[in-house]
Amino acid sequence: NDSKLDQAITKFADKYQTLGKSIAGVRAGSQKANIKAGGMYGWSVDKKKLAKAIKTGFNKENQSINLKNYVSGTGYGTNGVGKTYVAINLKTLLEYVYVNGKLKEDIPVMSGTITGGNKTPQGAYYILYKQRHATLRGLNDDGTKYASPVSYWMPITWTGVGMHDSPWQPAFVYGNPQYRGQYHSHGCLNNPPSLVPKVWKYTHVN
């Protein structure tokens, strides 16, 4: 019964896949917090492909299926985000770098706005690639173009949000939410130029 098989796979997938779901218990300094649902990190079941595999082998006496062959996304087999990650608290503008469960760095940052067109997206993301000496391009609020050279670029969305150094920001804005109204980014996580090499050192693609 194709309909019942599809229903069973959908129920199974909804229970186990992680893409788009909130993630519990991520440490950010002295706090543990839940990451809001959303973002690109996580994996999902290819339900059509899995259904086809089940039906193809249905008449066999025994059938073993490795789910790894029927999923897409990043982080399959990982409980939450694992033990190596960067957690950024947008309320306090503090960035925490963990490696194998140990806090390696805590760095003050500046973000985009909380709402509006320059909003920093919330959720779980992964580093798409790492690039030295990139030029970030886009539009300012007044419609003029900007081209900002950076030494370290770690994008987390295909629309241009990522972690990078920001030599144009005054030093006093990092880690100070009261200045975000005037000195916010276009959505990126701005790191102090002297500290961003530490983030680069401990992070990796995916």
Side-chain angles (χ1 to χ4, degrees), residues 18-23 26 28 33-44 72-75 81 85-97 105-206:
T18 63
L19 184 64
K21 294 182 179 179
S22 61
I23 299 175
V26 175
N34 296 337
I35 298 179
K36 289 185 176 182
M40 294 164 46
Y41 180 82
W43 58 271
S44 60
S72 60
T74 303
V81 294
Y85 58 88
V86 178
I88 301 171
N89 187 327
L90 293 179
K91 291 183 179 179
T92 61
L93 290 179
L94 292 176
E95 179 180 79
Y96 302 91
V97 181
E105 302 292 341
D106 57 327
I107 297 172
V109 296
M110 176 50 73
S111 75
T113 55
I114 301 300
T115 60
N118 292 313
K119 178 181 177 180
T120 294
Q122 298 180 33
Y125 294 82
Y126 61 92
I127 296 175
L128 299 170
Y129 60 90
K130 296 173 73 173
Q131 181 181 349
R132 288 296 314 271
H133 307 298
T135 298
L136 309 182
R137 303 178 187 276
L139 295 176
N140 293 305
D141 293 342
D142 61 4
T144 58
K145 296 180 180 180
Y146 68 83
S148 302
V150 298
S151 296
Y152 298 85
W153 172 229
M154 295 161 276
I156 60 172
T157 77
W158 291 115
T159 55
V161 174
M163 298 179 289
H164 62 80
D165 50 311
S166 50
W168 55 86
Q169 294 279 26
F172 61 82
V173 308
Y174 299 110
N176 287 307
Q178 64 267 33
Y179 296 114
R180 182 159 40 200
Q182 181 178 357
Y183 290 99
H184 60 77
S185 71
H186 292 92
C188 286
L189 291 314
N190 289 182
N191 281 249
S194 62
L195 299 178
V196 75
K198 297 180 178 181
V199 184
W200 182 271
K201 175 182 177 181
Y202 291 118
T203 55
H204 53 80
V205 175
N206 294 329

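The structure displayed is predicted, hence computed values, not measured ones.
- At a threshold of 4.5 Å between non-hydrogen side-chain atoms, the residues Thr74 and Tyr41 count as touching.
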Ser151 and Arg132: side-chain contact (heavy atoms from CB on, under 4.5 Å), yes or no, with the steps?
CA-CA 5 Å; Ser151 296; Arg132 288 296 314 271; 4.2 Å; yes
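- Within the 4.5 Å cutoff, no side-chain heavy atoms of Gln122 are placed close to those of Ile35.
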Trace of the side-chain contact (heavy atoms from CB on, under 4.5 Å) decision for Asn191 with Val199
CA-CA 9 Å; Asn191 281 249; Val199 184; 3.6 Å; yes
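- Across every non-hydrogen atom of Gly39 and Leu19, the tightest pair is O-CD1, 4.1 Å.
- Taken from CD1 in Ile88 to OG1 in Thr120, the straight-line distance is 8.5 Å, to the nearest 0.5 Å.
- Between the CD1 atom in Ile107 and the CG atom in Leu189 there is a gap of 11.0 Å [rounded to 0.5 Å].
- Annotation: side chain to side chain donor-acceptor pair (under 3.5 Å) contacts involving residues 162-177, sequence neighbours excluded, comprise His164-Asn190, Ser166-Tyr174, Gln169-Asn190.
- For the atom pair Leu128 CG and Ile156 CD1, the distance stands at 8.0 Å (nearest 0.5 Å).
- Applying the side chain to side chain donor-acceptor pair (under 3.5 Å) rule to pairs touching residues 106-115 yields Ser111-Arg180, sequence neighbours excluded.
- The two residues Gly112 and Ser185 make their nearest non-hydrogen contact at N-OG, 3.0 Å.
- For Tyr129, the side chain to side chain contact (heavy atoms under 4.5 Å, CB included) partners two or more places apart in sequence, or in a different chain, are Gln131, Trp153, Pro155, Trp158.
- You'll find the side chain of Tyr152 reaches within 4.5 Å of the side chain of Pro197, heavy atoms only.
- Taking the side chain as every heavy atom from C-beta outward, Val26 and Val81 approach each other to under 4.5 Å.
- Residues forming a ring pair (Phe, Tyr, Trp, His ring centres under 6.0 Å) with Tyr183 (at least two apart in sequence, or on another chain): Phe172.
- A salt bridge (Lys or Arg N to Asp or Glu O under 4.0 Å) check over residues 140-163, counting only residues at least two apart or in different chains, returns nothing.
- Using a 4.5 Å heavy-atom threshold, the side chains of Ser44 and Thr18 count as separate.
- Pairs of residues two or more places apart, or lying in two chains, never qualify as salt bridge (Lys or Arg N to Asp or Glu O under 4.0 Å) while including a residue from residues 86-96.
- Taking each heavy atom of Pro108 and Pro192 in turn, the nearest pair found is O-CD, 3.1 Å.
- Proximity of Val86 to Met163: side-chain heavy atoms (C-beta onward) are separated by under 4.5 Å at one or more points.
- A search for ring pair (Phe, Tyr, Trp, His ring centres under 6.0 Å) contacts involving Tyr202 returns nothing, not counting sequence neighbours.
- The salt bridge (Lys or Arg N to Asp or Glu O under 4.0 Å) analysis of residues 184-206, with sequence neighbours excluded, yields the pairs Glu105-Lys198.
- Residue pairs meeting the salt bridge (Lys or Arg N to Asp or Glu O under 4.0 Å) criterion with at least one partner in residues 115-128, sequence neighbours excluded, are absent.
- In this structure His186 satisfies the ring pair (Phe, Tyr, Trp, His ring centres under 6.0 Å) test together with Tyr146, sequence neighbours excluded.
- The ring pair (Phe, Tyr, Trp, His ring centres under 6.0 Å) search around Tyr126 returns none, not counting sequence neighbours.
- Applying the side chain to side chain donor-acceptor pair (under 3.5 Å) rule to Thr203 yields the partners Lys130; only residues at least two apart in sequence or on another chain are considered.
- Formation of a donor-acceptor pair under 3.5 Å by the Ser22 side chain with backbone atoms of Ala37 is not found in this model.
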